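Remember, predicted model here, so these are calculated numbers, not experimental data. The basis for the numbers below is simple: all heavy atoms, side chains too, and nothing from hydrogens, waters or symmetry mates. Along the sequence shown, residues are numbered consecutively beginning with 1.
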Amino acid sequence: MRIVLDTNVVVAALRSPRGASAALVDKGLNREFTLLMSVALALEYESVCHDPVQRIASGLSESEVRTIVTALCAVAKPVRTHFLWRPQLRDPQDEMVLEASSNGRADGLVTFNRRDFGDAPVRFGIALLSPGQALARMKDLNEGG
């Protein structure tokens with residue numbers, strides 16, 4: 001399964017190590033699915049996750065956050081943006097997530113902001129999933145269902 005994680009999922013994983021987002025990030029780090037990432041998205045992860053407000057909320061040090069973001073970048077399959085489909089969404093920050101998904105031929109785009117993406121991912125043949133839905137889909141695939 002090829003997946004793009006919206007930044008809010010990575011932030012949620014850092015803030016709640018026992019939640020579905022953390023489980024998804026863990027599976028990505030263990031290469032249980034193909035994590036897709038563009039340079040723009042990697043820079044976004046780095047910027048948002050290193051924000052002092054996010055670090056305080058997560059209880060992680062700068063070094064710990066750097067280690068996690070670096071590890072995600074290391075396991076991710078790079079996505080080169082060949083086609084820009086803008087504008088598709090209201091938020092320009094969400095556009096880079098959609099572009100990584102469409103250019104990387106993702107099976108799923110995982111986000112908490114489903115309303116912000118609307119039906120745009122579906123137009124590209126990409127499932128819009130919550131972290132829990134992505135985990136359930138992976139479980140179904142692993143069980144042959």
Side-chain angles (χ1 to χ4, degrees), residues 1-60 65-66 68-145:
M1 190 167 183
R2 298 166 64 87
I3 292 179
V4 172
L5 300 177
D6 193 355
T7 308
N8 58 47
V9 174
V10 177
V11 167
L14 297 178
R15 287 180 166 216
S16 180
R18 291 192 173 96
S21 296
L24 199 54
V25 165
D26 188 52
K27 285 183 177 295
L29 291 171
N30 288 312
R31 299 174 191 232
E32 294 180 38
F33 65 88
T34 302
L35 176 62
L36 301 171
M37 190 183 307
S38 65
V39 171
L41 192 53
L43 293 172
E44 169 84 354
Y45 287 174
E46 185 176 65
S47 173
V48 172
C49 293
H50 279 91
D51 181 89
V53 173
Q54 298 299 342
R55 280 192 311 96
I56 290 168
S58 70
L60 298 172
V65 170
R66 186 178 312 108
I68 294 166
V69 172
T70 300
L72 285 170
C73 292
V75 300
K77 179 175 171 109
V79 173
R80 292 184 64 201
T81 303
H82 296 285
F83 299 102
L84 298 177
W85 304 101
R86 295 181 188 204
Q88 296 287 320
L89 309 170
R90 294 180 298 181
D91 184 348
Q93 296 301 321
D94 290 334
E95 295 281 1
M96 81 173 104
V97 179
L98 181 61
E99 286 167 357
S101 300
S102 62
N103 283 279
R105 297 184 321 275
D107 299 305
L109 187 165
V110 182
T111 185
F112 287 107
N113 295 332
R114 295 173 62 91
R115 188 175 354 150
D116 290 350
F117 285 94
D119 64 350
V122 175
R123 290 195 301 265
F124 292 97
I126 302 164
L128 188 60
L129 306 165
S130 70
Q133 289 170 323
L135 289 171
R137 186 169 286 193
M138 283 180 214
K139 183 179 177 194
D140 288 347
L141 289 172
N142 288 336
E143 292 176 355

May I have the step-by-step check of side-chain contact (heavy atoms from CB on, under 4.5 Å) for Thr81 and Met96, ending in yes or no? CA-CA 9 Å; Thr81 303; Met96 81 173 104; over 6 Å; no
Heavy-atom distance under 4.5 Å between the side chains of [X] and [Y], does that happen here?
X: Asp6; Y: Asp94; value: yes
X: Leu14; Y: Gln54; value: no
X: Asp107; Y: Ile3; value: no
X: Gln133; Y: Arg114; value: yes
X: Asn8; Y: Asn113; value: yes

For the side chain of [X] and the backbone of [Y], is there at least one donor-acceptor N/O pair under 3.5 Å apart?
X: Asp51; Y: Val53; value: yes
X: Tyr45; Y: Leu5; value: yes
X: Ser102; Y: Leu98; value: yes
X: Arg2; Y: Leu36; value: no
X: Ser58; Y: Arg55; value: yes

Working for side-chain contact (heavy atoms from CB on, under 4.5 Å), residues Val10 and Ser21: CA-CA 7 Å; Val10 177; Ser21 296; over 6 Å; no
Please give me the minimum heavy-atom distance between [X] and [Y], naming the atom from each residue.
X: Ala74; Y: Arg31; answer: O-NH2, 3.9 Å
X: Lys77; Y: Thr34; answer: CB-CG2, 3.9 Å
X: Thr7; Y: Glu44; answer: OG1-CG, 3.0 Å
X: Ala23; Y: Leu135; answer: CB-CD1, 3.9 Å
X: Phe33; Y: Met138; answer: CD2-CE, 3.3 Å
X: Val11; Y: Cys49; answer: CG2-SG, 4.2 Å

Between atom [atom1] of [X] and atom [atom2] of [Y], what is the distance when rounded to the nearest 0.5 Å?
X: Glu95; Y: Asp116; atom1: CD; atom2: CG; result: 11.0 Å
X: Ile56; Y: Arg15; atom1: CD1; atom2: CZ; result: 10.0 Å
X: Glu46; Y: Arg66; atom1: CD; atom2: CZ; result: 8.5 Å
X: Glu32; Y: Leu141; atom1: CD; atom2: CG; result: 12.5 Å

Would you please test Leu41 and Val79 for side-chain contact (heavy atoms from CB on, under 4.5 Å) and show each step? CA-CA 10 Å; Leu41 192 53; Val79 173; over 6 Å; no
